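First the structure, in the form of structure tokens, and then the observations on it.
Please read these numbers as outputs of a predicted model, since none were measured by experiment. Ligands are counted one by one from 1 in listed order, and the atoms in each one are counted from 1 as well. The figures that follow rest on heavy atoms only: side chains count, while hydrogens, waters and symmetry mates do not.
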Amino acid sequence: MVAALRSHFNGKTKISGNFGSLSGIAAVFSACLLSALPAYAVEIASPDGRIVVDVDTRNGIPGYSITFNDKPVLNFSRLGLQFQKAPDFVEGFDIASVETKTTDLVWTQPWGEEKDIRDHHKEARIVFQSQTGPARQMTVTFRVFDDGVGFRYDIPAQAGVDAIKITDELTEFTFHDNLKAWWIPAYKDNRYEYQYAASSIDSLDVIHTPATFEGDKIAISIHEAALTDYASMTLRRPMMHGQTLKADLVPWADGIKVYANASFKTPWRTIQIADTAYELANSRMILNLNEPNALGDVSWVKPGKYVGIWWCAHIRTCTWETGEKHGATTENTMRYMDFAAKYGFDGVLVEGWNIGWDGNWYENGDLFRFTEPTPDFDIEKIAAHGRKVGVPLIGHHETSANIVNYEKQLDAAFAFSEKHGMRAVKTGYVGSRLNDTEWHHGQYMVQHFQNVVETAARHHIAIDAHEPIKDTGLRRTYPNMMTREGARGGEYDAWSHAAQGNHPDHATILPYTRMLSGPMDYTAGIVDLRFGEQEENGVSSTVAKQLALMVVIYSPLQMAADLPENYEGHPGFQFIRDVPADWEESIALDGRIGAYFVMARKDRNSPDWYLGAVSDEQARTITVPLDFLDNATTYRAEIYADGEGAHWLDNPQPLAVKTKTVTAEDSLNLELAQGGGQAIRFTPLAAR
Ligand code: NOJ
Ligand code: CA
């Protein structure tokens, strides 16, 4: 077996061997933890050997560094935690022991972007022991995969410490090179709903994760996995100096970052690494770092596509509030259900169905009632109609960020949803602070989120969260935590002139940034791209790009967001009807951040493949080899391309639908308009 981990004492003695023999050595040292030990360092290589992590102490400060293909990626980067009124983990440490293991297994997702996922990594559980100051022990577990590195603090109870208040996490990411970062700002009132910016690391202030970094033959994404009871991590450049980004935990209103038990584990800090940025989209590391399914039988969690009384409210042809234009009426909801049944959609979202929307709902979250429909929404009649036509309602809980009001009603709200046949509820937290005091991303919200997911699970309800906690892969553990917003979604295209909506490059940045964290309820599929009283508002996209987004942006609850009357008779509607929301396999094929992206996915329930390609404001031709298709099969490609003269701003509607016979040996030249895209369905014709 190749030596995957080496250890040396004071940098002089190097012991090579497999994990088994090293564990033996580690055990010898852990037996005498509190004696003065010679310092030693630990090296962990990925299974393919390309990523190497070194863990060490320098002047008693714990830290780690990373190389990729023998080139430095992160220089020595500090590890540590600071506490209020308890001995902290800052300095005076040596490595006392190491336990190692290798994992190589395949697990299956109940639904997902990929059915079977391989988890292949090397793990080292490293115990740092204080040599000076009060006795303290800090364990950091590293897992090194071919697609990146994860590490987490695993703090055992310390003598005399009952509970911990974390005042700072000292984790650093000290970049060797001043890479180009793709980022959105943290600590802003619109949460994650910003357009991405690109700039060198040495210009950053404080940013959200996932943040993506590009260099020469390398792309890196920093994020976190398994955030269940801790604060979200943002990244700050301390003193606005140098190329170090430091963990900046989103605090409670009282300034404490995290309230923890005496013994606690942090989320995993994740560093995904690939040769090119588009390959980051093929990494499943975040999911691999989450715990297996904790809910048992989740056959009640159903992926699917939905329509809803939603876009009309955003383009103001209907209203959330009651009155003449109220969208959520009994009759209108039944009309949407009939439409959904006729065309094979799996649910109907209804917003504005409950008490609380009348007046200024932004400011009056305490008025929302989650078990009380408005008088013109006959829930019994609607639920009965849904049962009859086989299309359930998707519930909606807009909280206006009033968590106190929502939590009081939480269990009753999900019991109500379950009783009326709903399988999913969309939640929302519009507002810049929770209960007017807490940030959306602190531990308070993380705990609330967990409470919602677990309460919903008890009632067999799946969650689609807007204004959410960022995705850290919890869908593996809680498969009812299906999808979320957590970025600027399609709604921004409803509110203004197309030139002011989501910039055409937005969809060519999301796959390399936000989408690395998990599914997104983007709400694409708009086919009537200009609307409003003077036809002045509009979506900054072509129709083909809207179709392509349904492949590019993965969501197990995928909304076809346009109005039924715009879909019927539209040539692009067939693609929206065909495209699945559950996949056997997904392969990012090509792309460049901020320019274009190409994704292929295989349907989980048929031999069909789908492809989506999106471009920024440039027109481009992308040559795509079809070698992902089955070799032994001839396919019919149904191609939904930008039509003659299509342009995201000046001429968004032209769509050209054509078919072609192809095999895995062919390549297709995809011609994308400015701000355009292309969507393709591949259906087997015959064996070759
Ligand atoms: C913001 C959400 O993102 C959107 O989808 C929803 O319609 C509104 N809030 C109202 O709840
Ligand atoms: Ca939103």
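Given atom 4 (C) of ligand 1, the protein heavy atom at minimum distance is Glu491 OE1, 3.2 Å. The single protein non-hydrogen atom nearest to atom 3 (O) of ligand 1 is His466 ND1, 2.7 Å, given as residue, atom name and distance. In this structure, the protein non-hydrogen atom closest to atom 6 (C) of ligand 1 is Glu351 OE1, 3.4 Å. At the top of the distance list for atom 1 (C) of ligand 1, counting protein heavy atoms only, stands Glu467 OE2, 3.1 Å. Protein heavy atom closest to atom 9 (N) of ligand 1, with residue, atom name and distance, is Val430 CG2, 3.3 Å.
Using cut-offs of 30° and 60° on the angle between ring planes, the pair Phe575 and Tyr610 is perpendicular. The aromatic rings of Tyr522 and His506 are tilted relative to each other, their planes meeting at an angle between 30° and 60°. Taking the six-membered ring for Trp and thresholds of 30 and 60 degrees, His440 and Tyr429 have ring planes more than 60 degrees apart, a perpendicular arrangement. Aromatic ring pairs are classed by plane angle as parallel below 30°, tilted from 30° to 60° and perpendicular above 60°; the pair Trp357 and His396 is parallel. In this structure, Trp300 and His460 have perpendicular ring planes: the angle between them is above 60°, well past the 30° mark. Ring planes of Phe597 and Tyr512: perpendicular class, angle over 60° (limits at 30 and 60°).
Cation-pi contact between Arg604 and Trp111: absent, since separation from the ring centre below 6.0 Å together with deviation from the ring axis within 45° is not met.
The angle subtended at the Ca ion (ligand 2) by OE2 of Glu485 and OE2 of Glu467 is 130°, given to the nearest 10°.
Atoms of ligand 1 lying under 4.0 Å from any heavy atom of Trp310, numbered from 1 in the order shown and given with element: 4 (C), 5 (O), 6 (C), 7 (O). Near Trp357, meaning under 4.0 Å from any of its heavy atoms, are these atoms of ligand 1: 10 (C), 11 (O). The atoms of ligand 1 that sit less than 4.0 Å from any heavy atom of Trp320 are 7 (O), 10 (C). Residue His396 has at least one heavy-atom neighbour below 4.0 Å for each of these atoms of ligand 1: 11 (O).
Distances from atom 5 (O) of ligand 1 to the heavy atoms of Lys426, Glu193, Glu485, Glu398 show the closest one on Lys426.
Nearest to the Ca ion (ligand 2), among the N, O or S atoms that Glu193 has, is OE2. Nearest N, O or S atom of Glu491 to the Ca ion (ligand 2): atom OE2.
With contacts defined as side-chain heavy-atom distances shorter than 4.5 Å, the pair Tyr362/Val430 qualifies. Residues Ile576 and Phe345 are in side-chain contact: their nearest non-hydrogen atoms beyond the backbone lie under 4.5 Å apart.
Applying ring-ring contact (aromatic ring centres under 6.0 Å, His included) to Phe370 and the options Phe416, Tyr406, Phe414 leaves one that passes, Tyr406.
Using a 4.0 Å cut-off between heavy atoms, Trp311 makes no contact with ligand 1 at all.
For the pair Tyr429 and ligand 1, no heavy-atom separation below 4.0 Å is found.
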